[in-house]
Amino acid sequence: MTVDAHHHVWDLAVRDQDWIPEHSQLRRDFTLAELEPEARAAGVTRAVLVQTVTVPEETPEFLALAAAHDLVAGVVGWTDLTRPDIAEELARLRELPGGAHLKGIRHQVQGEPDPEWLLRPDVRRGLTALADAGLVYDLVVLPHQLPACVKAAETLPRLTLVLDHLGKPPIASGEREPWASALRALAARPNTVAKLSGLLTEADPASWTTADLRPYTDTALEAFGPDRLMFGSDWPVCTLAAAYAEVLHTVDELTAGLSAAERTAVHEGTATRVYDL
């Protein structure tokens with residue numbers, strides 16, 4: 001059995017996804033009705049639905065979806081971490097239909113011009129509120145923002161930080177530094193975990209191979225260990241490079257050298273523990 005720790009859905013009639021290029025194949029609706037049969041066929045029994053846009057309306061919608069669909073075991077939503085009443089807002093979200101499925105919060109830090117956005121006093125206050133609420137924080141960052149993630153992990157030891165997409169390493173170029181050193185520094189903090197997700201689209205989506213990905217996943221396995229890594233499909237973004245089943249198969253290939261217990265950790269154990277599924 002597998003937990004997909006990272007996927008998205010959207011309905012363009014409800015809300016535009018302004019990050020999607022105009023002529024991209026992603027510029028259509030992607031729903032749970034489309035994902036569910038693919039996930040079930042691949043052996044995925046539970047999934048974590050992750051925010052895509054920074055608007056407050058999306059999180060209640062995702063919680064309602066989780067309440068209505070057995071596949072969605074957890075939601076990583078969005079709320080403004082800098083709002084003065086952040087603790088009250090987190091409590092309000094948990095009282096909504098499906099609110100028990102709220103497991104974490106994410107912000108599009110990758111789009112913030114300040115590489116130390118995470119260290120701003122108003123942001124740190126919000127992150128502290130997450131820790132107080134027992135929620136985790138998903139990091140969607142670029143490699144140059146990883147040093148700030150390390151500092152945040154050091155100064156907020158009660159908060160679990162989940163690194164999405166391994167910090168988006170430059171797989172297409174084949175470069176590893178300074179990404180690898182920064183990843184190891186983050187992994188040295190015990191309150192951090194990471195997702196084997198979103199890597200096919202950091203490679204060349206049209207010509208990637210498992211060999212292209214292996215140096216990066218091997219670095220992550222060495223740094224974090226299987227007990228702090230989890231599989232995520234990044235569906236439907238992954239469809240730019242591969243079908244759902246192929247994404248899971250690729251992670252299986254990349255972790256084939258692990259023991260059965262270690263593979264179980266990557267497939268379900270880490271995500272189940274970190275997101276309290």
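For this chain, numbers begin at 1 and follow the sequence in order. Any value given below was found using the heavy atoms of this structure, including those in side chains, with hydrogens, waters and symmetry copies removed.
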**Q** What are the two closest heavy atoms between Ala194 and Leu166, and how far apart are they?
**A** CB-CD2, 3.9 Å
**Q** Under the 3.5 angstrom rule, does the side chain of Glu262 hit a backbone N or O of Ser259 as a donor-acceptor pair?
**A** yes
**Q** In terms of heavy-atom contacts, does NE2 of His249 have more than 12 from other residues, nucleotides or ligands at under 6.0 Å?
**A** no
**Q** Between Arg46 (side chain) and Thr272 (backbone), is there a donor-acceptor pair under 3.5 Å?
**A** no
**Q** Take Asp252 and Arg263 through the salt bridge (Lys or Arg N to Asp or Glu O under 4.0 Å) test and state the conclusion after the steps.
**A** CA-CA 8 Å; Asp252 285 342; Arg263 289 195 301 273; over 6 Å; no
**Q** Examine distances only and state if a side-chain atom of Gln145 and a backbone atom of Val109 form a donor-acceptor pair shorter than 3.5 Å.
**A** yes
**Q** Only one of Leu32, Val72, Leu71 forms a side-chain contact (heavy atoms from CB on, under 4.5 Å) with Leu65, so which one is it?
**A** Leu32
**Q** Could you go step by step and tell me if Arg120 and Asp114 meet the salt bridge (Lys or Arg N to Asp or Glu O under 4.0 Å) rule?
**A** CA-CA 10 Å; Arg120 283 172 27 179; Asp114 179 1; 5.6 Å; no
**Q** Under 4.5 Å between any side-chain heavy atoms of Arg214 and Leu254, yes or no?
**A** yes
**Q** With heavy-atom distances below 4.5 Å as the criterion, would you say the side chains of Pro178 and Leu146 are in contact?
**A** no
**Q** For Arg228, run the side chain to side chain donor-acceptor pair (under 3.5 Å) check against Thr192, Thr270, Asn191 and tell me which one passes.
**A** Thr192
**Q** Spell out, as yes or no, whether a donor-acceptor pair under 3.5 Å connects the side chain of Glu36 to the backbone of Arg40.
**A** no
**Q** Find out whether His267 and Leu248 are in side-chain contact, i.e. whether some heavy atom of one side chain is under 4.5 Å from a heavy atom of the other.
**A** yes
**Q** Check whether Arg189 reaches the backbone of Cys149 with its side chain - one donor and one acceptor, N or O, closer than 3.5 Å.
**A** no
**Q** Counting distance only, does the side-chain N/O of Thr239 pair as donor-acceptor with the main-chain N or O of Pro236 below 3.5 Å?
**A** yes
**Q** Can you tell if the side chain of Glu34 reaches within under 4.5 Å of the side chain of Arg28, non-hydrogen atoms only?
**A** yes
**Q** How close do Arg125 and Pro84 get, counting heavy atoms only, and between which atoms?
**A** NH2-O, 2.5 Å
**Q** Before giving the answer on side-chain contact (heavy atoms from CB on, under 4.5 Å), spell out for Val53 and Trp19 the whole-Å C-alpha distance, their side-chain angles and the decisive distance to 0.1 Å.
**A** CA-CA 9 Å; Val53 290; Trp19 56 276; 4.3 Å; yes
**Q** Report the C-alpha separation of Lys151 and Glu154 in whole Å, then their side-chain angles, then the decisive distance to 0.1 Å, and conclude whether the salt bridge (Lys or Arg N to Asp or Glu O under 4.0 Å) test is met.
**A** CA-CA 5 Å; Lys151 293 179 184 177; Glu154 290 173 347; over 6 Å; no
**Q** Hey, quick one: are Leu142 and Leu139 part of the same hydrophobic cluster, counting side-chain heavy atoms closer than 4.5 Å, chains of contacts allowed?
**A** no
**Q** For side-chain contact (heavy atoms from CB on, under 4.5 Å), just list the numbers for Leu63 and Arg94, CA-CA rounded to whole Å, side-chain angles, deciding distance to a tenth of an Å, and then say yes or no.
**A** CA-CA 9 Å; Leu63 295 174; Arg94 284 175 141 172; over 6 Å; no
**Q** Taking ILVMFWY side chains as joined if any heavy atoms are under 4.5 angstrom apart, and letting links pass through other members, which residues group with Met1?
**A** none
**Q** Assigning hydrophobic clusters by single linkage (Ile, Leu, Val, Met, Phe, Trp, Tyr; side-chain heavy-atom cutoff under 4.5 Å), is Leu119 placed with Leu130?
**A** no
**Q** So which atom in Ala203 and which in Ile171 form the shortest heavy-atom distance, rounded to 0.1 Å?
**A** CB-CG2, 3.6 Å
**Q** From Asp122 CG over to Ile86 CD1, what is the distance, rounded to the nearest 0.5 angstrom?
**A** 11.0 Å
**Q** In Å, rounded to the nearest 0.5 Å, how long is the span from CG of Leu49 to CD of Glu58?
**A** 7.5 Å
**Q** With Arg15, which residues qualify under salt bridge (Lys or Arg N to Asp or Glu O under 4.0 Å), at least two apart?
**A** Glu61
**Q** Report the C-alpha separation of Thr82 and Val123 in whole Å, then their side-chain angles, then the decisive distance to 0.1 Å, and conclude whether the side-chain contact (heavy atoms from CB on, under 4.5 Å) test is met.
**A** CA-CA 5 Å; Thr82 68; Val123 175; 4.0 Å; yes
**Q** Please round to the nearest 0.5 Å and tell me the distance separating atom CG of Leu93 and atom CD1 of Ile105.
**A** 6.5 Å
**Q** Got Tyr137 and Leu118 here, is their nearest side-chain heavy-atom distance under 4.5 Å?
**A** yes
**Q** Tell me whether Val140 shares a hydrophobic cluster with Leu161, the cluster being built from Ile, Leu, Val, Met, Phe, Trp, Tyr side chains joined at under 4.5 Å.
**A** no
**Q** Can you give me the closest heavy-atom contact between Ala220 and Leu183, atom names plus distance?
**A** CA-CD2, 3.9 Å
**Q** Taking Asp212 for the side chain and Thr209 for the main chain, is one N or O donor matched with an acceptor at less than 3.5 Å?
**A** yes
**Q** Under the 3.5 angstrom rule, does the side chain of Thr59 hit a backbone N or O of Trp78 as a donor-acceptor pair?
**A** yes
**Q** So, applying salt bridge (charged side-chain N to carboxylate O under 4.0 Å, His left out) with Asp138, which one of Arg106, Lys103, Lys195 is it?
**A** Lys195
**Q** Do His107 and Asp80 meet the criterion of a side-chain donor-acceptor pair at a distance under 3.5 Å?
**A** no
**Q** Mind listing the closest non-hydrogen atom pair of Val150 and Ala182 along with its distance?
**A** CG2-O, 4.1 Å
**Q** Can you list, by chain and residue number, the hydrophobic cluster partners of Val136 when the side-chain cut-off is 4.5 Å?
**A** Val3, Val48, Val50, Val76, Val162, Val193, Met230, Val274, Tyr275, Leu277
**Q** Determine whether a donor-acceptor pair (N or O, by modelled atom type, separation under 3.5 Å) exists between the side chain of Asp29 and the backbone of Leu12.
**A** yes
**Q** Please examine the side chains of Thr250 and Val247, heavy atoms only from C-beta on, and report whether any two atoms are closer than 4.5 Å.
**A** no
**Q** Begin from the C-alpha positions of Tyr216 and Glu202 and carry the test side-chain contact (heavy atoms from CB on, under 4.5 Å) through to its verdict.
**A** CA-CA 11 Å; Tyr216 302 90; Glu202 294 304 320; over 6 Å; no
**Q** Please enumerate all residues that pass salt bridge (Lys or Arg N to Asp or Glu O under 4.0 Å) together with Arg124, with sequence neighbours excluded.
**A** none
**Q** Can you sort out the partners of Asp16 under salt bridge (Lys or Arg N to Asp or Glu O under 4.0 Å), two or more places apart, ordered by chain and number?
**A** Arg27
**Q** Hey, what do you get for CD (Glu222) to CG (Asp218), rounding to the nearest 0.5 Å?
**A** 8.5 Å
**Q** Ignoring hydrogens and angles, tell me if any N or O in the side chain of Asp234 forms a donor-acceptor pair with the backbone of Ser197 under 3.5 Å.
**A** no
**Q** Applying salt bridge (Lys or Arg N to Asp or Glu O under 4.0 Å), name anything that partners Glu112, two or more places apart in sequence or on another chain.
**A** none
**Q** Can you tell me how far the CD atom of Glu38 sits from the OG atom of Ser233, to the nearest 0.5 Å?
**A** 9.5 Å
**Q** Would you check if Thr255 and Phe231 make a side-chain contact, meaning some heavy-atom pair closer than 4.5 Å?
**A** no
**Q** Does Leu229 reach the side chain of Leu221, with side-chain heavy atoms less than 4.5 Å apart?
**A** yes
**Q** Which atoms form the tightest heavy-atom contact between Gly98 and Ala67, and what is the distance?
**A** CA-CB, 3.8 Å
**Q** Does a salt bridge link Glu95 with Arg92, judged by any charged N lying under 4.0 Å from a carboxylate O?
**A** no
**Q** Test Ile20 against every option in Val237, Thr52, Leu26 by the side-chain contact (heavy atoms from CB on, under 4.5 Å) rule and name the one that passes.
**A** Leu26
